[in-house]
Amino acid sequence: MLLYQQITEELENGILTGTFPPGSKLPSARAFAVQYHVNPNTAQRAFCEMKRTGLLISPRGKGTFVTNDFDLICRTRQKRRNDLVSSFFAQMEMLGYSREQAIRLLQEQGRDHSG
């Protein structure tokens with residue numbers, strides 16, 4: 001994974017988990033670059049990617065903000081959830097487990113950690 005993709009994922013995670021709440025102002029790409037010890041162009045590329053998805057907005061001359069579009073945030077969270085579940089089942093299948101076996105293992109793990 002490229003560095004700008006890692007930053008993009010970190011930003012997205014922050015938005016999806018509420019670390020960066022809807023409507024919150026983010027530091028500039030340059031300040032973000034300093035904070036994360038990356039080239040400003042790398043940070044700018046990550047910001048541009050996030051703007052392309054709609055999760056970040058930049059009203060002219062105002063800075064960069066997390067979107068207030070709760071539906072978009074929810075859809076992005078659902079897509080991430082679906083991607084994680086699909087990836088989990090694909091990896092379990094590569095290890096030779098059926099979907100049913102993988103589900104049973106998850107249920108067992110849940111019981112082991114619930115009490």
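The shown structure was predicted, so the numbers you read here are calculated from the model rather than taken from an experiment.
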*Asks:* Rounded to the nearest 0.5 Å, how far apart are CG of Asn41 and CD of Gln44?
*Replies:*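 Those atoms lie 8.0 Å apart.
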*Asks:* Taking all non-hydrogen atoms of both residues, which atom of Pro40 and which atom of Ala33 are closest, and how far apart?
*Replies:*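 Minimum heavy-atom separation between Pro40 and Ala33: CA-CB, 3.6 Å.
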*Asks:* How far does CE of Met50 sit from CD1 of Ile15, to the nearest 0.5 angstrom?
*Replies:*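 If we round to the nearest 0.5 Å, Met50:CE and Ile15:CD1 are 4.0 Å apart.
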*Asks:* Quick one about Ser58 and Lys51 (side-chain donor to acceptor, distance below 3.5 Å, no hydrogens or angles considered), yes or no?
*Replies:*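 Judged by distance alone, the side chains do pair up.
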*Asks:* Who passes salt bridge (charged side-chain N to carboxylate O under 4.0 Å, His left out) against Arg80, sequence neighbours left out?
*Replies:*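 Salt bridge (charged side-chain N to carboxylate O under 4.0 Å, His left out) list for Arg80, sorted by chain: Glu12.
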*Asks:* If Ile, Leu, Val, Met, Phe, Trp and Tyr residues are connected whenever their side-chain heavy atoms lie under 4.5 Å apart, and connections chain through other members, are Ile73 and Ile57 in the same group?
*Replies:*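 As far as the 4.5 Å side-chain criterion goes, Ile57 and Ile73 are not connected within one cluster.
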*Asks:* Please name the pair of heavy atoms, one in Ala29 and one in Phe47, separated by the smallest distance, quoted to 0.1 Å.
*Replies:*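 Heavy atoms of Ala29 and Phe47 come nearest at N-CE2, 3.9 Å.
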*Asks:* Could you report the tightest heavy-atom contact between Phe32 and Pro27, atom names first, then the distance?
*Replies:*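 So the minimum-distance heavy-atom pair works out to CD1-CG, 4.2 Å.
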*Asks:* List in chain and number order the residues that pass salt bridge (charged side-chain N to carboxylate O under 4.0 Å, His left out) with Asp83, two or more places apart in sequence or in another chain; answer none if no residue qualifies.
*Replies:*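 Expected list: Lys79.
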*Asks:* Side chains of Glu49 and Thr53: is there a donor and an acceptor less than 3.5 Å apart?
*Replies:*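 Judged by distance alone, the side chains do not pair up.
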*Asks:* Answer with yes or no whether the hydrophobic clustering places Phe65 together with Leu72; edges join I, L, V, M, F, W, Y residues whose side-chain heavy atoms lie under 4.5 Å apart.
*Replies:*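 Unlinked, Phe65 and Leu72 end up in two clusters.
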*Asks:* Taking a hydrophobic cluster as the set of Ile, Leu, Val, Met, Phe, Trp and Tyr residues connected by side-chain heavy atoms closer than 4.5 Å, whether directly or through intermediates, do Tyr36 and Tyr4 fall within one such cluster?
*Replies:*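 The answer is no; the residues belong to distinct hydrophobic clusters.
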*Asks:* Just verifying a value: how many Å separate Ile103 CD1 and Met92 CE, rounded to the nearest 0.5 Å?
*Replies:*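 Output value for this atom pair is 10.5 Å.
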*Asks:* Which is it for Leu26 and Leu11 under the side chain to side chain contact (heavy atoms under 4.5 Å, CB included) test, yes or no, and what are the steps along the way?
*Replies:* CA-CA 10 Å; Leu26 294 179; Leu11 282 168; 4.1 Å; yes
